[in-house]
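Heads up: the structure comes next, in structure tokens.
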There are 2 protein chains.
Amino acid sequence: MRLPTPWRELESGVCSIARTAELIGQPWMLLVLRDLFNGVRRFDDLAEHLSIARNVLSRRLAALVEAGVVQRTDYREPGQRARQEYRLTPAGWDLRPVLLAMMAYGDRHLTDPDGPPTLVDHAGCGGAVRVALECEYGHRIEPDTRLTGTPGPGARWRSTSSTATG
Amino acid sequence: MRLPTPWRELESGVCSIARTAELIGQPWMLLVLRDLFNGVRRFDDLAEHLSIARNVLSRRLAALVEAGVVQRTDYREPGQRARQEYRLTPAGWDLRPVLLAMMAYGDRHLTDPDGPPTLVDHAGCGGAVRVALECEYGHRIEPDTRLTGTPGPGARWRSTSSTATG
DNA sequence: CAGTATCCCAAGCGATACTG
DNA sequence: CAGTATCGCTTGGGATACTG
């Protein structure tokens, strides 16, 4: 089915996916975030673990700080000299579902036959963590469940009959 | 806290996030996927709507096909000549949570004051769709809930005390 | 309409060297 | 240890032109 031109009205710039992609779609960004979620906090540790050029890492961290995803802080361990660390902000933690959804996809479709390299569990009870879609009325959304996209308050586009995502 | 060197054992190559990032982290990829989810299926429509160079789009679609995310099919509308279309495979639909999680982040943190540009609803009941984290025993995972990462069957790294993601 | 081929050019990665 | 500055050099995007 040929989509009507209204789609043209949906500028990439006012799309939440596009805006998020602008941030996390940069090279290295997702891996930097992965390491931050995993508790790596120091510049040199990130640089070494990722084997990323230091100037690139510097730019990426700056972008994360500017986006409010990461906070740079000075701290001092007792008896040691001052150091700096990069720590996710609450906004940063809101990216966790993105990473976990990516991990779920990779585990399912891109993994060696022996199985997933990493298991993530709920620290409280040890249960495996899943990413689930649901609607506000509590219905589970299965992979093939139909979704509809409609213009929201900040929209610059008109409605179409198309589905799935926006 | 200084992470111990075991982290070095976690090659990026055997990380599900890294592998998924290799696919969807390429420039344009996320926007191509967004349009595919939204029902855009024809080469020229994608090229025009995204304002992407045609050769780049060609490469991206090829990568998606090779990854098994998209299937290229010939079809013919009655009375029309044959056309081709790109359609998400079931594996492709498994990327929907990634896109929706990105959208949720963008809606919350990167949106203009007037609100989100697009609303996604459960087609059955009209309820707004949310991305939720939960553990296998049904506990909700809030943004700040602690998670633990441990080596899985396909791991090439040793355990650490670190948390959150793998 | 649906691509592929070719070219040019800039962005930006990586390496290295340098400062607090 | 934690970065910034400089500098090639390559990758790869964009425009254009060309085929089924």
Side-chain angles (χ1 to χ4, degrees), chain A residues 1-5 7-8 12-13 18 21-32 35-36 39-66 70-87, chain B residues 1-5 7-8 12 18 21-33 35-36 39-66 70-87:
Chain A
M1 124 240 194
R2 178 97 162 70
L3 271 192
T5 20
W7 261 110
R8 313 273 155 69
S12 288
E22 223 167 297
L23 179 66
I24 70 176
Q26 298 177 49
W28 289 110
M29 210 43 131
L30 285 161
L31 296 182
V32 171
D35 276 15
L36 290 171
V40 185
R41 299 206 181 95
R42 303 235 306 262
F43 188 92
D44 275 23
D45 290 341
L46 289 165
E48 185 176 356
H49 181 238
L50 294 171
S51 301
I52 180 181
R54 307 169 67 78
N55 51 358
V56 176
L57 175 60
S58 187
R59 267 180 279 164
R60 292 297 175 272
L61 288 170
L64 290 174
V65 168
E66 189 188 345
V70 163
Q71 171 141 31
R72 184 179 185 276
T73 338
D74 295 349
Y75 74 102
R76 178 190 301 269
E77 285 173 357
Q80 304 283 318
R81 68 182 179 75
R83 302 191 183 288
Q84 292 78 245
E85 63 174 13
Y86 294 90
R87 213 181 256 267
Chain B
M1 127 244 198
R2 177 97 162 72
L3 271 192
T5 20
W7 260 110
R8 314 271 155 70
S12 289
E22 224 166 296
L23 179 66
I24 71 176
Q26 298 176 49
W28 288 111
M29 210 43 129
L30 285 161
L31 296 182
V32 171
L33 284 168
D35 277 15
L36 289 171
V40 187
R41 299 207 181 94
R42 303 236 305 262
F43 188 93
D44 275 23
D45 290 341
L46 288 164
E48 186 177 355
H49 180 238
L50 294 171
S51 300
I52 181 181
R54 307 169 66 79
N55 50 358
V56 176
L57 175 60
S58 186
R59 266 179 279 165
R60 292 296 177 271
L61 288 171
L64 289 174
V65 169
E66 189 188 342
V70 163
Q71 173 143 30
R72 183 179 186 277
T73 339
D74 294 350
Y75 74 103
R76 177 189 303 269
E77 284 174 358
Q80 305 284 318
R81 66 182 181 78
R83 301 191 184 288
Q84 292 77 245
E85 64 175 13
Y86 293 90
R87 213 180 255 266

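This one's a predicted model, so the numbers in the text were calculated from it and none came from an experiment. We name chains A, B, ... by the order of the sequence lines, and we start the count at 1 in each one.
Rounded to an integer number of Å, the gap from CZ of A/R60 to C1' of D/dG3 is 16 Å. Regarding A/R72, its CZ atom lies at a distance of 4 Å from the P atom of D/dG3, rounded to whole Å. With rounding to whole Å, A/Q26 atom CD is found 12 Å from C/dA11 atom C1'. Rounding to whole angstrom units, CG of residue A/L61 and C1' of D/dG3 are separated by 10 Å. Distance, A/D44 CG to D/dG3 P: 8 Å, rounded to whole Å. Per the geometry, CE belonging to B/M29 stands 14 Å off C1' belonging to D/dG12, to the nearest Å. When rounded to the nearest whole Å, the span between OH of B/Y86 and C1' of C/dC1 equals 12 Å. In this entry the distance linking CD of B/E48 with C1' of C/dA2 reads 14 Å, nearest Å.
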Test side chain to side chain contact (heavy atoms under 4.5 Å, CB included) applied to B/L33 and B/L64, step by step: CA-CA 9 Å; B/L33 284 168; B/L64 289 174; 4.1 Å; yes

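Closest non-hydrogen pair, A/Q84 versus A/D74, comes out as CG-OD1, 3.1 Å. Between A/R54 and A/D44, the closest heavy-atom pair is NH2-OD1, 3.2 Å. Of all the heavy atoms in A/R87 and A/E85, the pair that sits closest is NE-OE2, 2.9 Å. Among all heavy-atom pairs drawn from B/F43 and B/L57, the shortest one is O-CD2, 3.5 Å. Residues B/L23 and B/A63 come closest through the heavy atom pair CD1-O, 4.2 Å. Residues B/L36 and B/V40 approach most closely at CD2-O, 3.3 Å, considering heavy atoms.
For B/Q84, the listed nucleotide lying nearest its side chain is C/dA2; candidates were C/dG14, D/dG14, C/dA2. Nearest to the side chain of B/F43, among C/dG3, D/dC1, C/dG14, sits C/dG3. Counting only heavy atoms from C-beta on, A/R59 has its side chain closest to C/dG12 among D/dG13, C/dC1, C/dG12.
The structure places CD1 of A/I52 at 8.5 Å from CG of A/L31, a figure rounded to the nearest 0.5 Å.
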Measure all distances between protein nitrogen or oxygen atoms and nitrogen or oxygen atoms of nucleotides 15-20 of chain D, and list the pairs falling under 3.5 Å.
from, atom 1, to, atom 2, distance (Å)
D/dA15, N6, B/N55, ND2, 2.6

Produce the list of close N/O pairs, under 3.5 Å, pairing protein atoms with atoms of nucleotides 8-10 of chain C; give distances to one decimal.
none

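In DNA chain D, runs of at least 3 consecutive Watson-Crick or G-U pairs, each pair with both distances below 3.5 Å, span C:1-20 with D:1-20.
Under the 4.5 Å side-chain criterion, counting only non-hydrogen atoms from C-beta, B/R41 is not in contact with B/Y86. With contacts defined as side-chain heavy-atom distances shorter than 4.5 Å, the pair B/V32/B/V70 does not qualify.
With hydrogens and angles ignored, the 3.5 Å screen pairs a side-chain donor or acceptor of A/R60 with a backbone N or O of A/P27.
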